[in-house]
Amino acid sequence: MIFRIQGMLIDAAAGAVIFIPLFSILSGWLLKNRNRTGKIFYMMFAVYLTAVFSATGIPWFRTVNADLSVNLIPFADIFNSPVDYIKNSLLNIVLFIPAGMFLPLLWKEFQNFKKTAVFGFGLSLVIEVLQIFTFRLSDVDDLITNTLGSMIGYVIANQLFYVLNGKLTAERGNCRRELPFLAGVVFLVCFTVQPYLAEYFWGMFL
């Protein structure tokens with residue numbers, strides 16, 4: 001688990017090298033209505049998605065390979081290796097908690113528990129489908145735990161609104177423009193450039 005977390009941090013660093021300069025340049029157009037806090041949150045969300053995509057096995061253009069390994073039976077592995085199953089489930093939950101936090105903090109459309117949960121499920125579903133083109137198993141349990149993580153994140157974000165008197169960034173964001181652009185760019189970078197940088201960072205730190 002420690003090795004996996006370390007890998008996520010390295011992948012996130014590789015994403016930060018790309019997205020911080022990119023969105024800094026584009027902020028005058030894409031994030032023109034946001035204050036500094038909102039722009040920082042937006043960049044942090046991009047870096048976070050990079051770590052999620054890398055940790056969950058988004059295919060790299062050099063290694064795309066269709067491999068239909070799917071488990072549609074919930075909790076099927078819990079008795080085969082309960083300790084590993086619990087560790088993996090907890091990691092999946094923790095992995096998606098930031099998604100549930102960033103969404104309502106960035107966009108008022110997601111200051112709704114159901115919409116945030118649906119997005120968490122949808123993001124997880126996209127990841128599981130893309131894993132068909134890697135050597136990873138697409139597992140219904142991941143859908144459940146990832147969605148649960150986004151729901152927990154929403155609850156945490158909801159408490160932050162009270163602590164900060166609701167003065168965050170969501171009311172300034174344009175969800176229809178900002179979110180699709182962010183998701184598309186992050187996926188494109190992870191599919192092409194980011195793995196090269198990640199390999200370089202792995203060589204530096206390990």
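Treat the numbers as computed from the prediction; the structure is a model and nothing was measured.
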Worked check of side chain to side chain contact (heavy atoms under 4.5 Å, CB included) between L123 and I127: CA-CA 6 Å; L123 177 61; I127 289 171; 4.2 Å; yes
Are M43 and V47 packed together at the side-chain level, in the sense that at least one heavy-atom pair is separated by less than 4.5 angstrom? no
Where do D142 and T145 come nearest, in terms of heavy atoms and distance? O-OG1, 3.3 Å
Pairwise side-chain contact, L26 with L22, heavy-atom cut-off 4.5 Å (strictly under): yes
Looking at every non-hydrogen atom in both residues, tell me the closest pair between T116 and P104 and how far apart they are. OG1-CD, 4.4 Å
Spell out, yes or no, whether I40 and V17 are grouped together once hydrophobic residues are joined by side-chain heavy atoms under 4.5 Å, including indirect joins. yes
Residues R34, E178: salt bridge by 4.0 Å N-O rule: yes
Distance-minimising heavy-atom pair for S81 and D84: OG-OD2, 3.0 Å
Taking C-beta and beyond as the side chain, do R177 and L30 meet within less than 4.5 Å on heavy atoms? yes
Would you compute the distance between atom NZ of K115 and atom NZ of K108 and round it to the nearest 0.5 angstrom? 10.5 Å
Candidate pair L130 and F191, rule side chain to side chain contact (heavy atoms under 4.5 Å, CB included), full reasoning: CA-CA 11 Å; L130 288 173; F191 186 69; over 6 Å; no
In terms of hydrophobic clusters joined by side-chain contacts under 4.5 Å, are F119 and I156 together? yes
Heavy atoms only: give me the nearest P21-A16 pair and the separation to one decimal. CD-O, 3.7 Å
What residues form a side chain to side chain donor-acceptor pair (under 3.5 Å) with S27, not counting sequence neighbours? none
Among the clusters formed by ILVMFWY side chains lying less than 4.5 Å apart, do M151 and V94 turn up in the same one? no
Rounded distance [0.5 Å steps], CZ in F96 versus CG in L91: 11.0 Å
Tell me, which pairs form a side-chain hydrogen bond (donor to acceptor under 3.5 Å, both in side chains) where one or both residues lie in residues 117-130, sequence neighbours left out? S124-N146
Measure the spacing between OH of Y42 and CG of L182 and express it to the nearest 0.5 Å. 4.0 Å
Distance (rounded to the nearest 0.5 Å) between N92 CG and I97 CD1: 11.0 Å
Heavy-atom side-chain contact between F187 and T50 under 4.5 Å: no
Non-hydrogen atoms of S150 and G120 that approach each other most closely: OG-CA, 3.6 Å
Any side-chain heavy atom of N174 sitting closer than 4.5 Å to one from N33? no
Any side-chain heavy-atom pair of V129 and V126 under 4.5 Å: no
Nearest atoms (heavy-atom pairs only) where C175 meets W107: CA-CD1, 3.3 Å
Separation between CZ of F19 and CG of L49, rounded to the nearest 0.5 Å: 8.5 Å
Beyond-backbone contact of F113 with N158, side-chain heavy atoms, under 4.5 angstrom: no
Do I18 and V193 have side chains that get closer than 4.5 Å, going by heavy atoms? yes
Trace of the side chain to side chain contact (heavy atoms under 4.5 Å, CB included) decision for I93 with I152: CA-CA 8 Å; I93 291 172; I152 294 172; 3.8 Å; yes
Does the plane of the ring in Y48 sit parallel, tilted or perpendicular to the ring in F102? Use 30° and 60° as the thresholds. tilted
Does either side chain, that of D141 or that of Y85, offer a donor lying less than 3.5 Å from an acceptor on the other one? yes
With clusters defined by side-chain heavy atoms of hydrophobic residues (ILVMFWY) lying less than 4.5 Å apart, directly or transitively, does M101 cluster with Y154? no
When the ring centroid of W29 is compared with that of F23, is the distance short of 6.0 Å? no
Between CZ of F41 and CG of L31, what distance do you get to the nearest 0.5 Å? 13.5 Å
